[in-house]
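Sequence lines set the chain letters: A, B, ... in the order given, protein chains first and strands last, and positions in each chain run from 1. Note that the coordinates shown come from a computational prediction; the quantities given were computed from them, not determined experimentally.
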2 protein chains.
Amino acid sequence: MCLQCDYESLLRASRLDVTDNRRRVLEVIGNNSYPLSAADIFQTLQRSAAINRVTVYRILDLLVAHGLVERISTGGRAAYFGLAPNEHHRPHPHFYCKRCGQMECLNPESLTLDSDAFGKTFPGRIDKVEVRLDGICKNCMR
Amino acid sequence: MCLQCDYESLLRASRLDVTDNRRRVLEVIGNNSYPLSAADIFQTLQRSAAINRVTVYRILDLLVAHGLVERISTGGRAAYFGLAPNEHHRPHPHFYCKRCGQMECLNPESLTLDSDAFGKTFPGRIDKVEVRLDGICKNCMR
DNA sequence: CCCATCGTGCAATAAAGTTGCATAGACCAA
DNA sequence: TTGGTCTATGCAACTTTATTGCACGATGGG
Ligand SMILES: [Mn+2]
Ligand SMILES: [Mn+2]
Ligand SMILES: [Zn+2]
Ligand SMILES: [Zn+2]
């Protein structure tokens with residue numbers, strides 16, 4: 001959940017036309033405290049007003065391409081989506097429960113790694129560093 | 001590439017019957033210096049002797065379940081497979097080139113993170129830590 | 001008004017992986 | 001040897017997740 005983010009402004013800052021659907025997709029992602037799958041987002045949106053599944057995928061691609069949303073891989077098949085790191089959100093690792101499929105955001109301090117130093121010596125372009133822990137969450141443990 | 005691994009012994013040590021197909025799948029994975037997709041593995045195997053696509057998937061599942069092979073996620077849709085960490089192979093991060101789809105194994109020292117300490121305080125079970133860098137590889141850069 | 005562009009919907013398609021079912025060989029007990 | 005059971009494999013069908021092609025309506029500038 002991002003209380004400091006104004007989603008319309010975020011869209012405009014990326015020079016994207018603000019449409020209802022784009023704002024709604026970004027809101028669902030930004031108002032949630034953990035990343036969601038495209039199916040989750042689609043279902044949530046459907047509850048308030050009709051939207052097409054393909055439109056959701058296209059908007060997700062768009063928001064990822066413009067750096068507003070981050071595509072996060074899971075140990076499973078579907079991608080998850082969360083707000084991309086920005087001034088209010090530092091990059092952080094995620095935990096993925098392979099039993100219930102819920103993803104958790106971990107504290108940015110909890111696991112640190114010095115990728116800047118590594119990037120200096122790497123002979124390619126690094127766009128993103130993803131740290132994911134897989135396992136069974138607290139709820140699914142008992 | 002693992003020069004120290006005897007694939008038949010690895011299978012037997014996991015109490016798996018040694019079949020031609022299982023040995024061949026494990027060999028393709030172990031003899032390669034970077035992780036491969038199921039499709040890559042299937043194609044490679046086809047070149048030496050016929051095998052069914054489904055058999056490859058089933059063997060991969062089996063080897064992953066027994067901890068001989070590691071399933072590695074990419075920024076894309078298909079999973080990649082590499083030898084699981086063992087006494088000869090320390091866990092290490094990977095780099096995934098989103099242009100050519102090639103995955104590289106990075107040096108275990110290159111990016112370190114203290115997940116043991118974190119695990120102590122986490123109220124769930126952590127089975128695996130995956131660190132992946134996404135970007136464009138040296139070859140695709142120019 | 002005309003035209004171009006854009007956002008969206010809907011149907012079809014694609015990519016990656018999974019499931020159901022049949023069969024052939026291995027193994028074992030009688 | 002026979003009969004029974006189990007396992008690995010193959011093949012077809014299917015599922016899940018995502019993408020593409022095409023149509024259409026809204027918008028906005030000349
Ligand atoms: Mn997060
Ligand atoms: Mn590796
Ligand atoms: Zn769970
Ligand atoms: Zn490349």
Side-chain angles (χ1 to χ4, degrees), chain A residues 7-8 11-12 14-29 35-46 48-66 68-81 96 98 100-101 103, chain B residues 7-8 11-12 14-29 35-46 48-66 68-81 96 98 100-101 103:
Chain A
Y7 303 122
E8 287 203 20
L11 287 169
R12 270 191 285 265
S14 297
R15 304 176 172 281
L16 290 172
D17 286 347
V18 178
T19 68
D20 270 11
N21 285 335
R22 289 175 180 175
R23 192 188 30 72
R24 292 172 67 215
V25 168
L26 193 51
E27 267 174 20
V28 167
I29 293 172
L36 297 169
S37 69
D40 292 334
I41 295 165
F42 173 60
Q43 285 185 79
T44 303
L45 289 169
Q46 284 282 45
S48 53
I51 188 173
N52 191 272
R53 202 171 60 88
V54 176
T55 302
V56 174
Y57 278 114
R58 286 200 272 236
I59 291 178
L60 288 171
D61 286 347
L62 184 81
L63 299 179
V64 169
H66 283 76
L68 296 181
V69 163
E70 180 180 32
R71 187 190 309 268
I72 303 165
S73 72
T74 69
R77 311 241 257 117
Y80 279 40
F81 298 88
Y96 178 72
K98 51 194 175 195
C100 66
M103 189 170 271
Chain B
Y7 302 122
E8 287 203 18
L11 287 169
R12 269 191 285 265
S14 297
R15 306 176 169 284
L16 290 173
D17 286 347
V18 177
T19 68
D20 270 11
N21 285 335
R22 289 176 181 174
R23 191 187 31 71
R24 291 172 67 216
V25 169
L26 193 51
E27 267 173 20
V28 168
I29 293 172
L36 297 170
S37 69
D40 292 335
I41 295 165
F42 173 60
Q43 284 185 78
T44 304
L45 289 168
Q46 285 282 46
S48 53
I51 189 172
N52 190 272
R53 202 172 62 89
V54 175
T55 301
V56 175
Y57 278 116
R58 286 201 272 237
I59 292 177
L60 289 171
D61 286 347
L62 184 82
L63 299 179
V64 169
H66 283 77
L68 296 180
V69 163
E70 180 180 32
R71 186 191 309 270
I72 303 165
S73 71
T74 68
R77 313 242 257 114
Y80 278 41
F81 298 88
Y96 177 72
K98 51 196 175 193
C100 66
M103 190 170 270

Whether B:R22 contacts D:dA8 is assessed here as follows: a side-chain N or O lying under 4.0 Å from the phosphate OP1 or OP2. Is that the case? yes
Atom CD of B:Q46 and atom C1' of D:dC11 are separated, to the nearest Å, by 13 Å
Distance in angstrom units between B:L63 CG and D:dA8 P, rounded: 12 Å
From D:dT9, D:dT17, D:dC11, pick the nucleotide closest to the side chain of B:N21? D:dT9
Taking only side-chain nitrogens and oxygens of B:T19, does any of them come within less than 4.0 Å of OP1 or OP2 of D:dT9? yes
Spacing of CG belonging to A:L60 relative to OG belonging to A:S37, to within rounding of 0.5 Å: 9.5 Å
Mapping A:A39 and B:T55 onto DNA chain D by nearest heavy atom, which one lands closer to the 5' end? B:T55
Check every atom of D:dA18, D:dT20, D:dT9 against the side chain of B:I59 and return the nucleotide holding the closest atom. D:dT9
Between C1' of D:dT17 and CZ of A:R53, the distance in whole Å: 8 Å
Does the distance from a Lys or Arg side-chain N to an Asp or Glu carboxylate O, for A:D20 and A:R23, drop under 4.0 Å? yes
For B:M103 against B:Y96, the heavy-atom pair lying closest together: CE-CD1, 3.9 Å
Does A:Y57 put a side-chain nitrogen or oxygen below 4.0 Å from OP1 or OP2 of D:dT19? no
B:D61 atom CG is separated from D:dT9 atom P, nearest whole Å, by 13 Å
Rounded interatomic separation in angstrom, taking CG from A:L62 and C1' from D:dT19: 15 Å
What residue among B:I59, B:N52, B:L45, B:V56 forms side chain to side chain contact (heavy atoms under 4.5 Å, CB included) with B:N21? B:I59
Reading DNA chain C 5' to 3', which nucleotide is the first, and which the last, to come under 4.0 Å of any heavy atom in chain A? C:dG7 to C:dG17
To the nearest Å, how far apart are B:R23 CZ and D:dT9 P? 11 Å
Quick check: closest heavy atoms across A:R71 and A:A79, and the distance to 0.1 Å? CG-CB, 3.8 Å
What's the separation between atom CG in A:L11 and atom CG in A:L63, rounded to the nearest 0.5 Å? 6.5 Å
Touch check for A:A79, heavy atoms < 4.0 angstrom, all strands: base, sugar-phosphate only, or nothing? sugar-phosphate
N/O donor-acceptor pair under 3.5 Å between A:R22 side chain and A:D17 backbone: yes
For atom CZ of A:F42 and atom P of D:dT17, their distance in whole Å: 13 Å
Separation of D:dT19 C1' from B:R77 CZ (nearest whole Å): 8 Å
